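On a predicted model such as this, the values are computed, not experimentally measured, just so you know. Naming: A, B, ... by sequence-line order, numbering from 1 per chain.
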Number of protein chains: 2
Amino acid sequence: MKLTSKGRYAVMALTDLTLYYKNGPVSLRDISLRQNISLLYLEQIFLKLRKYKIVESIRGKKGGYRLSRKASDIRLSEILSAVDENVKTVRCIKHLKKGCNGKSIKCNTHKLWDELDGHINSFFEKKLLSDLAHKNDLEKRL
Amino acid sequence: MKLTSKGRYAVMALTDLTLYYKNGPVSLRDISLRQNISLLYLEQIFLKLRKYKIVESIRGKKGGYRLSRKASDIRLSEILSAVDENVKTVRCIKHLKKGCNGKSIKCNTHKLWDELDGHINSFFEKKLLSDLAHKNDLEKRL
DNA sequence: TATATTCCCGACTTATTTAGTCAACTATAA
DNA sequence: TTATAGTTGACTAAATAAGTCGGGAATATA
């Protein structure tokens with residue numbers, strides 16, 4: 001089990017965005033340089049974040065992105081599901097085809113994976129973007 | 001994030017083993033047939049389970065495997081780590097190379113992943129093999 | 001002792017997913 | 001009118017996971 005870098009990057013980038021947003025929007029170029037994430041890859045990621053209304057885009061020169069809500073209103077679970085890091089460990093569907101109908105021993109372990117899903121999801125639902133972005137972290141570095 | 005099928009199979013197979021063990025050892029062939037998991041793949045998995053002293057093997061005709069301890073003494077975390085499902089979401093090492101030293105904003109999110117690791121690990125540490133294998137599940141099907 | 005069964009083990013192939021790139025476009029500030 | 005920055009789909013490369021193969025060793029039983 002692992003979290004892929006896409007979700008990690010999304011969280012990192014949004015933390016950066018939260019910290020560096022002041023008056024104007026923050027460009028991906030800047031985030032890319034600061035966080036050392038490929039610009040082209042960031043574009044892919046922010047496309048999804050925009051579709052899920054986590055960020056808003058401003059085009060053109062001086063353009064960039066800004067959060068569409070307060071950081072304290074954005075759950076990490078939303079971010080991860082936006083970039084398709086679906087915290088869904090196992091789907092029974094595959095097995096159904098082979099005779100797993102929820103009654104047989106084959107399904108003995110399903111409840112376990114369901115519980116696990118719930119366990120992980122609740123972790124990310126409790127965490128807010130604002131929990132990660134502390135202004136003082138930023139100031140220390142300047 | 002997802003749990004791979006290797007870990008899933010390991011848990012399924014051991015649940016099966018627990019339920020079907022009576023006097024003699026249980027062969028992988030039987031588990032393979034009941035759980036619909038490739039025999040060759042099971043061999044791979046049980047090799048690791050044996051190395052980690054979760055099961056013991058009995059060779060030869062009428063051979064097979066048995067648990068090396070009571071099911072109530074086997075944590076799921078052991079099973080998963082045996083088959084290399086290391087529940088380690090992110091290692092900072094990769095990033096260190098690119099300048100992540102635990103102080104910069106790049107590491108802002110690390111604490112998060114560490115917490116997540118702990119959260120998931122504690123889930124699997126609390127769960128025992130015996131929690132999954134209930135004799136009555138078996139009897140219902142006979 | 002011969003044979004079938006079962007575990008043992010490394011190497012190999014294939015499939016799937018993730019990570020990252022490219023090219024061509026649209027909008028807008030200066 | 002030009003440089004900047006987001007938009008989009010398609011593409012490639014790399015990594016990982018899943019699964020297979022072939023040959024070997026141990027042992028119960030006939």
*Asks:* Give the rounded distance in Å between these two atoms: CD1 of A:Ile45 and C1' of C:dT18.
*Replies:*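 Rounded to the whole Å, the gap is 11 Å.
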*Asks:* If each of B:Ser57 and B:Lys61 is mapped to the nucleotide of DNA chain C with the nearest heavy atom, which maps nearer the 5' terminus, i.e. the 5' end?
*Replies:*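 Nearest-nucleotide comparison on DNA chain C picks B:Lys61.
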*Asks:* Just checking B:Tyr65: base, sugar-phosphate only, or nothing, at a heavy-atom cut-off of under 4.0 Å?
*Replies:*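 Result for B:Tyr65 = sugar-phosphate.
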*Asks:* What I'd like to find out is whether the side chain of A:Pro25 reaches to under 4.5 Å of the side chain of A:Ile58, using heavy atoms alone.
*Replies:*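 Counting from C-beta outward, A:Pro25 and A:Ile58 do come under 4.5 Å.
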*Asks:* Just by distance, do the side chain of B:Ser68 and the backbone of B:Lys53 share a donor-acceptor pair under 3.5 Å?
*Replies:* yes
*Asks:* So does B:Ser38 get a side-chain nitrogen or oxygen closer than 4.0 Å to the phosphate oxygens (OP1/OP2) of D:dA18?
*Replies:* no
*Asks:* Measure the distance from NZ on B:Lys62 to C1' on D:dA28 and round it to the nearest whole Å.
*Replies:* 9 Å
*Asks:* Looking across every strand, which nucleic acid part, if any, lies under 4.0 Å from B:Gly60 by heavy atom: base, sugar-phosphate, or nothing?
*Replies:*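 It contacts base atoms.
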*Asks:* In whole Å, what is the span from the NZ atom of A:Lys6 to the P atom of D:dT16?
*Replies:* 17 Å
*Asks:* Starting from P on C:dT5, measure out to CG on B:Leu28 and report it in whole angstrom.
*Replies:* 15 Å
*Asks:* Using whole Å, report how far CD1 of A:Ile37 lies from P of C:dT21.
*Replies:* 12 Å
*Asks:* I want to check something: taking the side chain as every heavy atom from C-beta on, are A:Phe123 and B:Leu112 in contact at a cut-off of under 4.5 Å?
*Replies:* yes
*Asks:* How would you list, by chain and number, every residue that makes a salt bridge (Lys or Arg N to Asp or Glu O under 4.0 Å) with A:Arg66, sequence neighbours excluded?
*Replies:*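 Here the qualifying residues are A:Glu56.
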*Asks:* Tell me the interatomic distance from B:Leu17, atom CG, to C:dC7, atom P, rounded to whole angstroms.
*Replies:*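 Answer to the nearest Å: 11 Å.
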*Asks:* Distances under 3.5 Å between protein N/O atoms and the N/O atoms of nucleotides 8-13 of chain D, please, pair by pair.
*Replies:*
{"from": "D:dT8", "atom 1": "OP2", "to": "A:Arg50", "atom 2": "NH2", "distance (Å)": "2.6"}

*Asks:* Provide, to the nearest angstrom, the distance between the CG atom belonging to B:Leu49 and the C1' atom belonging to C:dC9.
*Replies:* 15 Å
*Asks:* Using only atom types and a distance under 3.5 Å, with no angle test, would you say the side chain of B:Asp131 pairs donor to acceptor with the backbone of B:Leu128?
*Replies:*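 Yes, B:Asp131 side chain to B:Leu128 backbone: donor-acceptor pair under 3.5 Å.
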*Asks:* Just the rounded figure in Å: distance from C1' of D:dA18 to CE of B:Met12.
*Replies:* 15 Å
*Asks:* Side-chain donor or acceptor of A:Arg59 under 3.5 Å from a matching atom on the base of C:dT28?
*Replies:* no
*Asks:* State, with a plain yes or no, whether a side-chain heavy atom of A:Leu17 is found less than 4.5 Å away from one of A:Phe46.
*Replies:*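 Side chain of A:Leu17 against side chain of A:Phe46, heavy atoms only: contact under 4.5 Å found.
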*Asks:* So which pairs with a foot in residues 67-81 of chain A pass salt bridge (charged side-chain N to carboxylate O under 4.0 Å, His left out), sequence neighbours left out?
*Replies:*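 Pairs touching residues 67-81 of chain A that pass the test: A:Arg69-A:Glu78.
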*Asks:* Are any of B:Ser5's side-chain N or O atoms less than 4.0 Å away from OP1 or OP2 of D:dA18?
*Replies:*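 So the side chain of B:Ser5 is within the cut-off, an N or O lying under 4.0 Å from OP1 or OP2 of D:dA18.
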*Asks:* Please determine whether a side-chain nitrogen or oxygen atom of A:Tyr9 lies at a distance below 4.0 Å from atom OP1 or OP2 of C:dG20.
*Replies:* yes
